[in-house]
Enquirer: 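Below you will find the structure I want to go over with you.
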Amino acid sequence: AAQLAGLHALAVDDEVPALDELAYLLRADARIDAVSTAGDATEALRQLRNGEIDVVFLDIRMPGLDGLELARVLRQFAAPPLLVFVTAHDDRAVDAFELGAQSVNPAVQTYTVFTGSWCDPAKQADAANSLLSQGADVLTQHQDCTGTVIKTAEAKGAFTVGYHYDAQSLAPKGWLT
């Protein structure tokens, strides 16, 4: 995959320590040339008016317009920026995931299967096969044992995405992130 470089990032978070840390981490990344910050959605929209932002790192919960609402506004831009959600709140994670994916491909649809277990390979394989048989082409998961879904997807010619772990060794042809 091509490496992104020379990006102008906007970090948006209402909590100053979190915003400062995120900006610090982004400035340390060689792919990022410039980092702007905003403490709320209104300030973010002001900065986004000039169209020079490539990617927005966005908190979900903020006073006023929240991160998910801001993401929906950004989707209406002629050239919307890429979205990356950064949050400690998991109750809206599926919505955030879908909006982030739609910032890359507006046609993305998200379907969720709950296995009721953090690690049950049989349930994971059943869930993955069910989604794949319905036409899913990319899977992700939030479980403690990830190998089953990743390997099942690659065996069926589908892709997987994830976080906190590089699964390239499990699915050399099917791992996206």
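Quick note: residue numbers are just sequence positions, from 1.
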Enquirer: For Leu22 and Ala11, which heavy atoms make the closest approach, and how far apart are they?
Expert: CD2-CB, 3.7 Å
Enquirer: Is there a side-chain contact between Leu19 and Thr37 in this structure, where contact means two heavy atoms from C-beta onward sitting under 4.5 Å apart?
Expert: yes
Enquirer: Look at atom OH of Tyr24 and say whether more than 12 heavy atoms of other residues, nucleotides or ligands are closer to it than 6.0 Å.
Expert: no
Enquirer: What I'd like to find out is whether the side chain of Phe85 reaches to under 4.5 Å of the side chain of Leu68, using heavy atoms alone.
Expert: yes
Enquirer: CG/Leu26 to CG/Asp33 distance, rounded to the nearest 0.5 angstrom?
Expert: 12.5 Å
Enquirer: Do the side chain of Gln124 and the main chain of Thr146 share a donor and acceptor less than 3.5 angstrom apart?
Expert: no
Enquirer: Between Phe159 and Val161, is there a shared hydrophobic cluster once you connect ILVMFWY residues whose side-chain heavy atoms come closer than 4.5 Å?
Expert: yes
Enquirer: Report the distance from atom OG1 of Thr140 to atom CG of Leu131, rounding to the nearest 0.5 Å.
Expert: 11.5 Å
Enquirer: Determine, using the 4.5 Å side-chain heavy-atom cutoff (strictly less than), whether Val73 and Val56 are members of one ILVMFWY cluster.
Expert: yes
Enquirer: Give, for atom CD of Glu69 and atom CD1 of Ile60, the distance between the pair rounded to the nearest 0.5 Å.
Expert: 11.5 Å
Enquirer: Looking at every non-hydrogen atom in both residues, tell me the closest pair between Lys156 and Leu132 and how far apart they are.
Expert: CG-CD1, 3.7 Å
Enquirer: Please answer whether the main-chain N or O of Asp126 pairs with a side-chain N or O of Ser130 as donor and acceptor at a distance below 3.5 Å.
Expert: no
Enquirer: Grab the two heavy atoms, one from Ile32 and one from Ala34, that are nearest each other, plus how far apart they are.
Expert: CG2-O, 3.4 Å
Enquirer: With side chains defined as the heavy atoms from C-beta onward, is the minimum distance between Leu48 and Pro81 less than 4.5 Å?
Expert: yes
Enquirer: As an exercise, state the distance from CD of Gln47 to OG of Ser36, rounded to the nearest 0.5 Å.
Expert: 5.0 Å
Enquirer: Is the shortest heavy-atom distance from the side chain of Asp40 to the side chain of Asp14 under 4.5 Å?
Expert: no
Enquirer: Between Tyr111 and Val113, is there a shared hydrophobic cluster once you connect ILVMFWY residues whose side-chain heavy atoms come closer than 4.5 Å?
Expert: yes
Enquirer: Does the side chain of Arg61 reach to within under 4.5 Å of the side chain of Asp66, using non-hydrogen atoms?
Expert: no
Enquirer: Give the cluster check for Val35 versus Leu25: same hydrophobic cluster or not, with ILVMFWY residues linked at side-chain heavy-atom distances below 4.5 Å.
Expert: no
Enquirer: Which atom names give the shortest non-hydrogen contact between Ala158 and Ala136, and what distance separates them?
Expert: CB-O, 4.5 Å
Enquirer: Contact between Leu74 and Leu45 at the side-chain level, heavy atoms closer than 4.5 Å - yes or no?
Expert: yes
Enquirer: Could you measure the distance from the CE atom of Met62 to the CD atom of Glu15? Nearest 0.5 Å is fine.
Expert: 10.5 Å
Enquirer: Taking the side chain as C-beta and beyond, is there a heavy-atom pair between Lys151 and Leu170 under 4.5 Å?
Expert: yes
Enquirer: Has the side chain of Glu154 got a donor or acceptor atom that lies under 3.5 Å from a matching backbone atom of Ile150?
Expert: no
Enquirer: Mind checking whether Phe77 and Leu65 sit in one hydrophobic cluster, side chains of I, L, V, M, F, W, Y counted as touching below 4.5 Å?
Expert: yes
Enquirer: Report yes if the side chains of Thr160 and Gln141 come closer than 4.5 Å at any heavy-atom pair, otherwise no.
Expert: no
Enquirer: To the nearest 0.5 Å, what is the distance between CZ on Phe57 and CG on Leu10?
Expert: 10.0 Å
